[in-house]
A.B. asks: 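Quick one: this structure, given as structure tokens, is what I'll be asking you about.
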Protein chains: 2
Amino acid sequence: MVSRPAHGKRRTACRPRPHPGELPEDNRGAGGRALRQSALNSWQGIQAEIRRRIADRVWRPGDQIPGEADLAAEFGCARATVNRALQGLADSGLLERRRKAGTRVALDPVRKATLEIPVIRLEVEAAGGEYAYRVLQKEIVSAPAPVAEKMDLSPGVDLVHLRGLHTADGDPFLYEERWVNLDSVPEFETADFTSVSPNEWLVRNQPFTRGEISFLAEAASSEQAAALGAAEGAALFAIERTTWNADAAITHVRLAYRQGYRMSTEI
Amino acid sequence: MVSRPAHGKRRTACRPRPHPGELPEDNRGAGGRALRQSALNSWQGIQAEIRRRIADRVWRPGDQIPGEADLAAEFGCARATVNRALQGLADSGLLERRRKAGTRVALDPVRKATLEIPVIRLEVEAAGGEYAYRVLQKEIVSAPAPVAEKMDLSPGVDLVHLRGLHTADGDPFLYEERWVNLDSVPEFETADFTSVSPNEWLVRNQPFTRGEISFLAEAASSEQAAALGAAEGAALFAIERTTWNADAAITHVRLAYRQGYRMSTEI
DNA sequence: AAGTGGTCTAGACCACTCC
DNA sequence: GAGTGGTCTAGACCACTTA
């Protein structure tokens with residue numbers, strides 16, 4: 001074996017942690033519980049401290065905060081670590097950063113809510129239900145003008161038009177109306193949706209590079225009402241989504257959720 | 001002055017770009033247009049290339065992709081750069097990463113939609129309208145059970161209950177019903193909402209550390225219908241939001257948008 | 001036990017923007 | 001022109017997880 005200096009575990013040259021014994025205590029002091037990744041010189045710890053200063057109005061909306069170099073010096077860490085912390089806060093709308101102008105606490109913080117829209121089957125199963133999908137109607141149609149417009153297609157192109165119902169333990173969960181561009185996905189015409197929903201089929205078989213998604217409320221049509229077991233005209237939460245693969249439209253779909261459905265997230 | 005070697009502009013020790021002359025050409029070749037930040041060895045360029053390989057099914061859903069070290073070698077960049085590129089893709093749900101297990105193309109990519117919810121005034125003004133807010137009703141009430149539950153308060157606490165209407169060029173835009181915890185924000189009781197809406201007042205005067213937000217559809221109540229100029233029972237898109245500052249509830253608000261409103265984003 | 005991602009550092013150059 | 005954030009590098013240690 002190669003002989004090694006006695007201080008076995010060699011620290012990297014550039015990591016002179018200020019006072020080796022202090023971190024655990026500081027950690028506990030930071031709020032009652034010792035978080036593994038929230039040491040004061042970790043990016044998460046710095047982020048938490050910045051959040052605290054904004055919440056405690058040490059830095060007020062509109063204020064310019066110290067530059068990355070200053071903060072790095074204060075926290076005893078590399079500038080890249082401060083950068084990582086501040087970028088996250090800027091992404092979530094709490095800070096506004098501009099070169100030369102510096103970093104400011106946002107005056108009108110844009111609340112960014114990140115909604116996670118899982119594959120429907122997973123959503124149903126996560127809620128403990130047994131998932132199923134049933135085709136209600138399938139036909140090939142000439143693209144109606146409004147649909148063609150949303151898909152950036154010329155009207156009259158042939159599309160598969162599909163209506164279906166997603167259920168949880170047999171109860172209606174989601175009503176789906178979909179149009180699929182056969183020019184982009186010719187295999188879709190003969191796909192079998194007895195075990196896999198069209199949604200899932202497309203996810204697995206047709207990647208996309210771009211999409212638009214809208215959230216809206218709509219009054220249940222008579223067909224939707226019948227399928228979902230709701231009253232006609234009931235207010236339904238709906239999602240409309242269109243996807244393209246390099247400018248070639250793939251599909252346009254409108255999902256109407258069962259009555260009372262809400263989509264939630266934390267901010 | 002300290003004497004310096006003659007080769008004036010000193011490159012940092014660790015930046016041996018492979019072949020100095022090739023990058024511009026590679027850049028042009030990457031897709032027709034030379035993007036400033038998309039050189040093949042930038043994290044954005046790497047991200048784009050990974051996206052392309054997934055879209056072109058070079059790497060299929062479920063496949064494990066090469067490790068960061070391998071990719072760094074392939075792209076001729078540092079591992080940190082690859083890490084930055086891959087982390088972004090993991091955040092957007094396209095990749096799944098686990099230590100030791102490596103990085104895989106997501107089988108069921110969770111579609112993450114990031115909604116930006118600006119201060120209402122800014123949203124109206126961005127659409128070219130003139131913004132105004134009008135208080136319809138203001139009272140102090142004992143917290144109703146459902147509201148108290150959502151705010152994590154004991155029922156019976158005193159809250160300010162406020163109904164108001166946001167307008168664009170005089171047209172109804174958004175109906176707001178809000179409860180505010182006077183224990184957390186005593187100044188709210190005497191605040192003046194003739195020039196600043198309660199929403200904006202709170203943003204500027206009361207930071208929060210945690211919040212919940214829900215998106216849903218609701219049928220217009222008679223009061224909402226009257227204020228928004230819609231039919232009673234019309235399907236309205238609504239947002240419900242509750243915010244806390246370190247476990248102290250601040251406000252609970254329900255925003256019902258004018259008929260036909262939709263919230264959109266790109267994915 | 002070992003492999004892989006997660007994070008950090010010190011230093012450097014660069015791009016953007018304000019003055 | 002100069003200040004600030006954006007990005008990159010090479011190297012290192014560490015945490016987590018699976019074999």
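Computed from a prediction, not measured in an experiment: that's the story for all the values here.
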A.B. asks: Can you find an N or O donor on one side and an acceptor on the other, under 3.5 Å apart, linking the side chain of A/R79 with the base of D/dG6?
C.D. replies: yes
A.B. asks: Could I get the full list of salt bridge (charged side-chain N to carboxylate O under 4.0 Å, His left out) partners for B/D192, not counting sequence neighbours?
C.D. replies: none
A.B. asks: Using the rule side-chain hydrogen bond (donor to acceptor under 3.5 Å, both in side chains), only one of A/R121, A/E125, A/H166 pairs with A/Y131; which is it?
C.D. replies: A/H166
A.B. asks: Using the ring of each side chain (for Trp, its six-membered ring), is A/F173 parallel, tilted or perpendicular to A/Y257, with breaks at 30° and 60°?
C.D. replies: perpendicular
A.B. asks: Quick one: is D/dG5 close enough that its OP1 or OP2 comes under 4.0 Å of any side-chain N or O from A/Q87?
C.D. replies: no
A.B. asks: May I have the distance from B/Q64 (atom CD) to D/dT17 (atom P), rounded to whole angstrom?
C.D. replies: 16 Å
A.B. asks: Please check the phosphate of D/dG6 (OP1 and OP2 only) for any side-chain N or O of A/N83 closer than 4.0 Å.
C.D. replies: yes
A.B. asks: Are B/R97 and C/dT4 close enough that a side-chain N or O sits under 4.0 Å from OP1 or OP2?
C.D. replies: no
A.B. asks: Nearest whole angstrom, please: distance from the P of C/dT7 to the CZ of A/F75.
C.D. replies: 18 Å
A.B. asks: Rounding to a whole Å, what distance do you find between B/N41:CG and D/dG6:P?
C.D. replies: 19 Å
A.B. asks: Please tell me if B/T103 has a side-chain N or O lying less than 4.0 Å from either OP1 or OP2 of C/dT4.
C.D. replies: no
A.B. asks: Applying side-chain hydrogen bond (donor to acceptor under 3.5 Å, both in side chains), name anything that partners B/R178, two or more places apart in sequence or on another chain.
C.D. replies: B/E176, B/T251
A.B. asks: How long is the line joining CZ of A/R104 and C1' of D/dG3, in whole Å?
C.D. replies: 14 Å
A.B. asks: In whole Å, what is the span from the CD atom of B/E68 to the P atom of D/dA15?
C.D. replies: 17 Å
A.B. asks: Consider the side chain of A/K100, meaning its heavy atoms from C-beta on, and name the nucleotide among D/dA2, D/dT7, D/dT18 that approaches it most closely.
C.D. replies: D/dA2
A.B. asks: Go through D/dG5, C/dG6, C/dT7 for me and flag the one nearest to the B/R99 side chain.
C.D. replies: C/dG6
A.B. asks: Counting only side-chain heavy atoms from C-beta out, which of D/dT18, C/dT7, D/dT9 sits nearest to A/R84?
C.D. replies: C/dT7
A.B. asks: I need the CD-P distance between B/E96 and C/dG6, as an integer number of Å.
C.D. replies: 13 Å
A.B. asks: How long is the line joining CH2 of B/W43 and P of D/dG5, in whole Å?
C.D. replies: 18 Å
A.B. asks: Starting at CG of B/L95 and ending at C1' of C/dG5, how long is that distance when rounded to a whole Å?
C.D. replies: 13 Å
A.B. asks: Closer than 3.5 angstrom, by distance alone: can the side chain of A/R104 be matched with the main-chain N or O of A/G62 as a donor-acceptor pair?
C.D. replies: yes
A.B. asks: Starting at the 5' end of DNA chain C, which residue's closest nucleotide do you reach first, B/P66 or B/A80?
C.D. replies: B/P66
A.B. asks: Compare side-chain N and O positions of B/Q44 against OP1 and OP2 of D/dT7 and report whether any pair is under 4.0 Å apart.
C.D. replies: yes
A.B. asks: Is the shortest side-chain N/O distance from B/R98 to OP1 or OP2 of D/dT18 below 4.0 Å?
C.D. replies: yes
A.B. asks: OP1, OP2 of D/dT9 versus side-chain N and O of B/T81: anything below 4.0 Å?
C.D. replies: yes
